[in-house]
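Residue numbering restarts at 1 for every chain, and letters A, B, ... go by the order of the sequence lines.
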Number of protein chains: 2
Amino acid sequence: MVDESRTRARTRRAILDAAVTVLSKDQGASLSDVAAVAGVGRTTVHRYFPERSDLLEAIGADLLEKVAAATARAKLAEGPALEAIDRLCQEYFELGDGLMLMFELPEMMNWAGWEEETEADRALTRLVERGHAEGDIDPELDAPWVQQVLWSLLYAAWSHIRDGAPKHATMARCLRTLRKALASDVDRRDGQRGVGRDLQR
Amino acid sequence: MVDESRTRARTRRAILDAAVTVLSKDQGASLSDVAAVAGVGRTTVHRYFPERSDLLEAIGADLLEKVAAATARAKLAEGPALEAIDRLCQEYFELGDGLMLMFELPEMMNWAGWEEETEADRALTRLVERGHAEGDIDPELDAPWVQQVLWSLLYAAWSHIRDGAPKHATMARCLRTLRKALASDVDRRDGQRGVGRDLQR
DNA sequence: CAAAAGTGGAACATATCTGTTCCATAGAAG
DNA sequence: CTTCTATGGAACAGATATGTTCCACTTTTG
């Protein structure tokens with residue numbers, strides 16, 4: 001894992017990406033399917049990932065990195081808490097198929113990397129607590145529940161898009177829904193900023 | 001399907017229920033597993049549902065009925081729109097494992113019965129539109145999106161419970177979240193009724 | 001009680017996916 | 001150009017789930 005020839009790195013990525021694409025559409029897909037989409041022989045897949053579980057594990061690790069990167073980009077420590085969550089939601093949204101995989105692939109949710117609390121989890125927890133302290137986030141909603149809501153709304157958004165809904169509008173609705181759900185009732189200052197305020201009647 | 005002896009009906013139900021229980025925990029579970037939990041021989045399962053797909057189809061149909069019944073019980077045409085959605089959410093919540101199956105079992109979401117719009121869908125659509133007209137529901141959130149949000153929050157709630165969260169408290173948070181998310185900003189009358197108002201700081 | 005209905009288990013055939021080995025060849029790197 | 005890396009494909013072995021058949025046994029039902 002230390003260093004790989006460029007070709008090896010490229011093939012590896014191709015397989016990983018293909019796997020995410022294929023498995024997010026059909027979690028029961030065979031390795032042949034993955035190989036086909038990756039434009040690679042089935043043998044090659046086994047060369048990189050001896051067992052199916054190795055591939056899944058690699059996907060998990062890859063996803064974990066992407067989540068970490070997305071969380072970092074959202075800079076959760078900066079600005080009003082609700083705006084920070086907005087940014088986080090947008091970043092996670094970009095994970096696309098990978099996001100769906102986390103929900104839909106059984107072996108993914110049970111896999112080791114997600115059991116332990118990641119830095120991303122901790123950052124979100126800190127953010128929610130800050131939101132509570134600053135009066136921006138509904139004090140009745142604790143960090144774990146906020147996390148559940150965030151992910152499930154993202155899931156809802158992507159499902160909706162899969163059903164043919166326009167991407168951008170759906171994203172806007174998702175953000176709006178999340179923001180309203182989490183906003184403290186006392187503090188309404190930031191709740192309406194951004195998306196479609198003027199459409200309000 | 002016309003009439004079945006009592007024994008047959010009971011065995012059939014046992015298999016169906018066992019299947020929901022087992023498959024909601026492991027979508028890849030074999031028919032042997034289902035048979036074992038149902039307290040029935042594998043042969044018997046095949047007698048009632050010749051192919052795996054037949055079993056899945058039967059579960060789908062069964063679930064569809066339960067959803068219809070739950071929707072009817074919620075009496076969506078009565079009372080303020082937000083309260084009606086509250087009732088609906090509580091009714092659906094009771095579906096338990098069946099609810100998770102709809103999300104997690106791939107063959108379930110693609111299955112025929114869900115494609116066409118059911119009476120339950122139409123009732124919800126009418127409710128949302130009524131909510132818009134009466135100023136109770138956020139006009140920016142249309143019926144399909146409201147439906148997505150409703151189901152995904154239920155999914156979030158059950159996932160949270162699976163993770164060890166207390167059932168009742170989670171349900172309360174789920175309702176609160178949904179209500180706030182859907183409430184129109186103009187109309188705040190009903191937004192706070194019920195769950196944990198006195199815990200507000 | 002006797003016939004009929006319902007059941008369980010063994011045995012078998014079949015399909016599919018997995019994981020492995022081997023070899024010839026294409027492509028990169030020196 | 002030559003060497004070495006990476007690859008694709010065929011062929012094979014093993015595991016697992018599916019679906020079927022048959023028969024003896026139990027329970028219901030008339």
Q: Walk me through it: do B/Trp158 and B/Thr170 pass the test side chain to side chain donor-acceptor pair (under 3.5 Å)?
A: CA-CA 8 Å; B/Trp158 275 110; B/Thr170 302; over 6 Å; no
**Q.** A/His46 NE2 - C/dT18 C1' separation (whole Å)
**A.** 6 Å
Q | By salt bridge (Lys or Arg N to Asp or Glu O under 4.0 Å) - contacts of B/Asp54 (at least two apart) | A | none
(Q) Please identify the 5'-most and 3'-most nucleotides of DNA chain D with any atom under 4.0 angstrom from a heavy atom of chain B. (A) D/dA17 to D/dT29
Q) Heavy atom of residues 29-41 of chain A under 4.0 Å from DNA chain C: which residues? A) A/Ser30, A/Leu31
Q: With sequence neighbours excluded, tell me which residues meet side chain to side chain donor-acceptor pair (under 3.5 Å) with B/Thr71.
A: B/Tyr92
Q) side chain to side chain donor-acceptor pair (under 3.5 Å) with B/Ser32: which residues, sequence neighbours excluded? A) none
**Q.** Residue pairs passing the salt bridge (charged side-chain N to carboxylate O under 4.0 Å, His left out) test where at least one lies in residues 155-172 of chain A, sequence neighbours excluded
**A.** A/Glu104-A/Arg162
Q. Atom CZ of A/Arg42 to atom C1' of C/dT16: distance rounded to whole Å?
A. 11 Å
Q: Applying side chain to side chain contact (heavy atoms under 4.5 Å, CB included), name anything that partners A/Ala38, two or more places apart in sequence or on another chain.
A: A/Ile15, A/Ala18, A/Val40
Q | Test side chain to side chain donor-acceptor pair (under 3.5 Å) applied to B/Arg10 - qualifying residues, sequence neighbours left out | A | none
Q: Please determine if B/Arg130 and B/Glu134 form a salt bridge, counting it only when a charged side-chain N lies under 4.0 Å from a carboxylate O.
A: yes
Q.
What's the angle between the local helix axes at either end of the helix from C/dC1-D/dG30 to C/dG30-D/dC1, using five pairs per end and rounding to 10 degrees?
A. 30°
Q. C/dG19 P sits how many Å from A/Glu51 CD, rounded?
A. 5 Å
Q: Would you list the pairs meeting side chain to side chain donor-acceptor pair (under 3.5 Å) in which at least one residue belongs to residues 33-44 of chain A, sequence neighbours left out?
A: A/Ser30-A/Asp33
Q | Phosphate-side-chain proximity, B/Ser5 and C/dG6, N/O vs OP1/OP2 below 4.0 Å | A | yes
N/O to N/O distances under 3.5 Å, protein versus nucleotides 27-30 of chain C:
none

(Q) Regarding B/Arg126 and B/Glu119, does a basic nitrogen lie under 4.0 Å from an acidic carboxylate oxygen? (A) yes
(Q) The criterion is side chain to side chain donor-acceptor pair (under 3.5 Å); which residues satisfy it with B/Arg47, sequence neighbours excluded? (A) none
Q: Give B/Tyr48 one of three labels, base, sugar-phosphate or nothing, depending on what nucleic acid heavy atoms sit under 4.0 Å from its own.
A: sugar-phosphate
Q: Figure out the CZ/P separation between B/Arg47 and C/dG9, and round it to whole Å.
A: 11 Å
(Q) Closer than 4.0 angstrom, basic N to acidic O: yes or no for A/Arg173 and B/Asp138? (A) no
Q: Answer yes if the side chains of A/Thr177 and B/Trp145 hold a donor-acceptor pair under 3.5 Å, and no otherwise.
A: yes
**Q.** Atom-pair distance (CZ on B/Arg12; P on C/dT7), nearest Å
**A.** 13 Å
(Q) Using heavy-atom distances to pick each residue's nearest nucleotide on DNA chain D, tell me which of B/Thr43 and B/Arg52 is more 5'. (A) B/Arg52
